[in-house]
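So you know, we letter chains A, B, ... as the sequences are listed, proteins then strands, and number each from 1.
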2 protein chains.
Amino acid sequence: MSGIPNGNRDEAPEGRVALRRKRTEDEIVAAAWDLVHEHGLGSLSMRDLGERVGMKAQSLYSYFASKNDIYDAMFREGQIAFAATMTITPDDLGGDESPQAELRMACHRFFEYCTSDTARYQLMFQRVIPDFVPSPQTYELAVETLGLARERMLAAGLDPDRDLDLWTAILTGLVDQQISNDPGGTRWERLIDDAVDMFFAFATARAGSRRNP
Amino acid sequence: MSGIPNGNRDEAPEGRVALRRKRTEDEIVAAAWDLVHEHGLGSLSMRDLGERVGMKAQSLYSYFASKNDIYDAMFREGQIAFAATMTITPDDLGGDESPQAELRMACHRFFEYCTSDTARYQLMFQRVIPDFVPSPQTYELAVETLGLARERMLAAGLDPDRDLDLWTAILTGLVDQQISNDPGGTRWERLIDDAVDMFFAFATARAGSRRNP
DNA sequence: GTCTATAGCTGGATAGAC
DNA sequence: GTCTATCCAGCTATAGAC
C-alpha cells in the first residue's frame, strides 16, 4: 500500500526494511528538532531539513507526505514526553506526599517542560503553525494527560470542575511571562511555590466553606 | 528632507500636504488592521494591503519605509489604546472604590482588551513577528502604562516588587487560556473575580504577616 | 506620488529518470 | 529511495518612467 519495494526472501524482509525506514524517519524528526531550536519553529524548511540529514528536500517526501506530517510527528514526540514529565510517582516526592506537595511538583515539572524548549512549547500549546492540526491519535494522548491533572486535583480534595481551569491559568501564566519577559531567567520560576500556596489556600478554603456553609 | 514636493504658496502649503499625507498613512494603518483581523497577524502582505487601500504595493513605500514600519505604527496605536483602557478613574468604579474593586476592574479591562482582538494581542504581547522590534518611543509608553499597575498595587497596600509579577502572571494566564482553549467563549472570563479574590487574599495575608510577624 | 517592470529571494511540492 | 529538473506560488523591496 505504501509502495515499499519488497524482496522475495523469507527472513522477514519487510521487518528489516521497515526498521531501516523507521530509523530514517526518526533521524529526520531529530534533525527537525535541531533546526527549530536553532532557527525557530516557524522557520523550518524542507530544504534545510534535507540538507541537515544529507538528502535533497524532495527525498523527504518518501518518508513524510508533507511538512505538516513532520510537525505532527514532532507533536507526537512532544506529547509522549509531556505525559512522562507530568507522571509523578510517590518516589518522586521523597517523603512529603501531601496533595500540596504533589501540586507543587506538578507545577515545577510543567514549568520546566515548557521553558526548557520554547519551540516545542509553541508547537504544542500555542498553535503557532498555520493550518497545522494534530492528528486525532496524538490529541487523544493529550486528553489522557489532562486526566492526570484532574485525578491529582481530586486527590487533593479539590473540585476539578471548579478549580482546574484556574489552576491551568496559573501554570500557563507563569510560563508565559517567563518566556515573554525574562527568557532564560528565573524571575517567574521563583514565584512557583508562592503561586501554588496561593491557589491551594484559595481552593481549600472554597472547598471547606462548601462543606460548612 | 523627506522629498515631499512643496509648492510656492504662502498659505501653509506644507501643512496641507502633510495633513493629506497623514490621512493616507492613517488609512493604510486602518486597512492593515482590517487585513490582520481577517487573515491573521502574520499573513499581512504589502500586496494585499496595497490592494485594500487602492494602490499598488510598491506605492506604500512612499508612506512607510518598510513593512516593519507599518507594524510599528500599529503597535503604537495599540499601545495608546492600551494606556487608555488601563486608566481607571473613580467614576469608572461607581461607588466601590476599594483597592480590591480597582484590581478587579483592571483585570476585567485587561482581559477584554486582549481577548477582543487577538491579532493585536499577538503583536503587542507575544512578539509573533520575527525581526520586529518596537521603536524606543512606543516602548517608553508601555513602561509608563506598567507604572499604572505599580501605583494601583501600592494603593492597595501591596508590595509591587513582591506581588506585581504574580499579578501579571495571573492576568496573562487567564487571557492565554481563554484565547488558546476557548476562543470566543467565556470559560476563563468567568474566573476573573475568583482569581482576583485569590490573589488579593494571598497578597494581603503576606503583607499582614510582615507587619505582625 | 503612483505607476510598470523587475530583481531577488524563500518556500512547498510533483514528475520522471535511474 | 534518491536524484535532477522543474513548476508554481508567495513575499519584500528597488529602479526609473511619467
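Judged as a ring pair (Phe, Tyr, Trp, His ring centres under 6.0 Å), and not counting sequence neighbours, B/Trp188 has no contacts.
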### Query
What one-letter contact string describes nucleotides 5-18 of chain D from 5' to 3', where B marks a base within less than 4.0 Å of any protein heavy atom, S marks contact via sugar-phosphate atoms alone, and - marks no contact?
BB----BBBB----
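Rounded to 10 degrees, the angle between the two end axes of the helix from C/dG1-D/dC18 to C/dC18-D/dG1 is 10°, with five pairs used at each end.
Between A/Phe199 and A/Trp167, the ring-plane angle classifies as tilted under the 30° and 60° cut-offs. Taking the six-membered ring for Trp and thresholds of 30 and 60 degrees, A/Phe125 and A/Phe110 have ring planes inclined between 30 and 60 degrees apart.
Counting only residues at least two apart or on different chains, the side-chain hydrogen bond (donor to acceptor under 3.5 Å, both in side chains) pairs with a member in residues 70-84 of chain B are B/Trp33-B/Glu77, B/Asp72-B/Ser135.
Look at CG on B/Asp131: it is 14 Å from P on C/dT10, rounded to the nearest Å. To the nearest angstrom, C1' of C/dT2 lies 16 Å from CZ of B/Phe64. The interatomic distance linking A/Lys56 (NZ) with C/dG12 (C1') rounds to 16 Å, in whole Å. One can place CD of A/Glu51 at 15 Å from C1' of C/dG11, the figure rounded to the nearest angstrom.
Taking a 4.0 Å limit (strictly below) on heavy-atom distances, residues 31-39 of chain B does not reach DNA chain C anywhere.
Put simply, the side chain of B/Asp182 gets close to the backbone of B/Thr186: a donor and an acceptor are under 3.5 Å apart. With hydrogens and angles ignored, the 3.5 Å screen pairs no side-chain donor or acceptor of A/Glu189 with any backbone N or O of A/Gln178.
Note: A/Phe202 and B/Phe202 fail the aromatic proximity criterion, with ring centroids not under 6.0 Å apart.
Residue A/Arg21 places at least one side-chain N or O closer than 4.0 Å to OP1 or OP2 of D/dG1.
A salt bridge is defined here as a Lys NZ or Arg NE, NH1 or NH2 lying under 4.0 Å from an Asp or Glu carboxylate O, and A/Arg109 with A/Asp92 meets this definition. One finds a salt bridge joining A/Arg206 and A/Asp163 here, because a Lys/Arg side-chain nitrogen approaches an Asp/Glu carboxylate oxygen to under 4.0 Å. Salt bridge A/Glu25/A/Arg21: present, at least one basic N to carboxylate O contact under 4.0 Å.
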Could you list the donor-acceptor pairs under 3.5 angstrom formed by side chains in residues 59-67 of chain A, with sequence neighbours left out?
from	atom 1	to	atom 2	distance (Å)
A/Ser62	OG	A/Ser59	O	3.4
A/Ser66	OG	A/Asn68	N	3.4
A/Ser66	OG	A/Asp69	N	3.3
A/Lys67	NZ	A/Leu44	O	2.7

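Checking D/dC3, D/dG1, C/dT2 against every side-chain atom of B/Ser59, the shortest atom distance belongs to C/dT2.
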